[in-house]
Amino acid sequence: MFMNKIEKITLGISGLTALGIGGMITLAPHTFYASYGITLRENPSLLSELRAPGAGLTALGVLMLLGIWRSALAQLAVAATLIVFLAFPAGRFIGLVVDGMPSSGIIAALILEVSIAALCLFAFRKRLSGN
């Protein structure tokens with residue numbers, strides 16, 4: 001699958017973001033969540049529940065990055081990018097409606113996620129329209 005420059009840049013931004021966030025959640029959840037003003041306790045069950053999707057996000061970030069260089073993975077990488085960066089802000093918007101206003105750190109994350117989602121929709125618009 002041929003990818004143009006903007007698509008590759010979008011996969012790079014998305015992949016590095018997912019890899020970085022997922023890696024931090026997996027390897028240093030206390031530090032990551034403290035940056036949002038959330039204090040985690042030493043609860044093995046809670047930490048396991050946080051690390052598991054963190055590892056999934058890390059793996060998806062790797063897939064996004066591999067899609068830049070391996071054409072056989074490009075279509076899957078694009079799908080993963082769209083799923084991650086459309087689902088995360090959707091979940092946060094649901095949280096805003098159901099739970100109320102979160103911390104400023106979470107709002108900053110929402111802004112970043114919406115920005116990446118907009119970039120994805122722009123970069124992959126031809127693929128999404130079937131052209």
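Computed from heavy atoms alone, side chains included, the values below leave out hydrogens, waters and symmetry copies.
Each of Pro89, Pro102, Ser115 was scored for a side chain to side chain contact (heavy atoms under 4.5 Å, CB included) with Leu110, with one residue passing: Pro89.
Here the straight-line distance linking atom CG of Leu66 with atom CG of Leu76 works out to 10.0 Å at 0.5 Å rounding. Atom CG of Leu119 and atom CD of Glu7 lie 10.5 Å apart (nearest 0.5 Å). With rounding to the nearest 0.5 Å, the separation of CD1 in Ile68 from OG in Ser14 is 9.0 Å. Summarising the geometry, atom CG belonging to Leu57 is positioned 6.0 Å from atom CD1 belonging to Ile25; distances are rounded to the nearest 0.5 Å. The line from CG of Leu50 to CD1 of Ile38 is 9.0 Å long, rounded to the nearest 0.5 Å.
Ile106 and Phe93 fall into different hydrophobic clusters, defined by Ile, Leu, Val, Met, Phe, Trp and Tyr side-chain heavy atoms under 4.5 Å apart, directly or through other members. No chain of hydrophobic side-chain contacts below 4.5 Å, direct or via other Ile, Leu, Val, Met, Phe, Trp or Tyr residues, connects Met64 to Ile83. Under the 4.5 Å side-chain heavy-atom criterion for ILVMFWY residues, no single connected hydrophobic cluster contains both Met101 and Val97. In the hydrophobic clustering of this structure, Leu73 groups with Leu16; members are Ile, Leu, Val, Met, Phe, Trp, Tyr whose side-chain heavy atoms approach within less than 4.5 Å, directly or through other members. Taken together through direct or relayed side-chain contacts under 4.5 Å among Ile, Leu, Val, Met, Phe, Trp and Tyr, Ile94 and Val84 form parts of separate hydrophobic clusters.
Closest non-hydrogen pair, Thr17 versus Ile13, comes out as OG1-O, 2.7 Å. Here the shortest heavy-atom pairing between Ala117 and Leu86 reads CB-CD2, 3.8 Å. Minimum interatomic distance between Phe85 and Ala18 (heavy atoms only, all atoms of both residues): CZ-N, 4.2 Å.
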Check your understanding: How far apart are the C-alpha atoms of Ile6 and Phe124, what are their side-chain angles, what is the distance that settles it, and do they pass the side chain to side chain contact (heavy atoms under 4.5 Å, CB included) test?
Key -> CA-CA 9 Å; Ile6 188 71; Phe124 304 125; over 6 Å; no

Exercise for review: Go through Leu82 and Leu128 one step at a time and tell me if the side chain to side chain contact (heavy atoms under 4.5 Å, CB included) criterion holds.
Suggested key: CA-CA 10 Å; Leu82 289 166; Leu128 291 170; 3.6 Å; yes

Review point. Would Lys8 and Asn4 count as a side chain to side chain contact (heavy atoms under 4.5 Å, CB included) if you check the C-alpha gap in whole Å, the side-chain angles of each, and the deciding distance to 0.1 Å?
Key: CA-CA 6 Å; Lys8 289 181 179 183; Asn4 64 40; over 6 Å; no

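In this structure, Ile107 and Leu96 have side chains that are in contact, with non-hydrogen atoms separated by less than 4.5 Å. Residues Pro29 and Leu40 have side chains in contact (heavy-atom distance under 4.5 Å, counting atoms from C-beta outward). Side-chain contact between Val78 and Thr10 is absent, with no heavy atoms from C-beta onward closer than 4.5 Å. You'll find the side chain of Leu11 reaches within 4.5 Å of the side chain of Met3, heavy atoms only.
Evaluation of the side-chain hydrogen bond (donor to acceptor under 3.5 Å, both in side chains) test over residues 29-48, restricted to residues two or more places apart or in two chains, returns His30-Glu42. Listed by first then second residue, pairs satisfying side-chain hydrogen bond (donor to acceptor under 3.5 Å, both in side chains) with a partner in residues 55-84 number zero, not counting sequence neighbours.
Members clustered with Leu27: none, using a 4.5 Å side-chain heavy-atom cutoff among hydrophobic residues.
The closest donor-acceptor contact from the side chain of Thr26 to the backbone of Ala55 lies under 3.5 Å.
The environment of Phe88 atom CZ is sparse: at most 12 non-hydrogen atoms of other residues, nucleotides or ligands sit within 6.0 angstrom.
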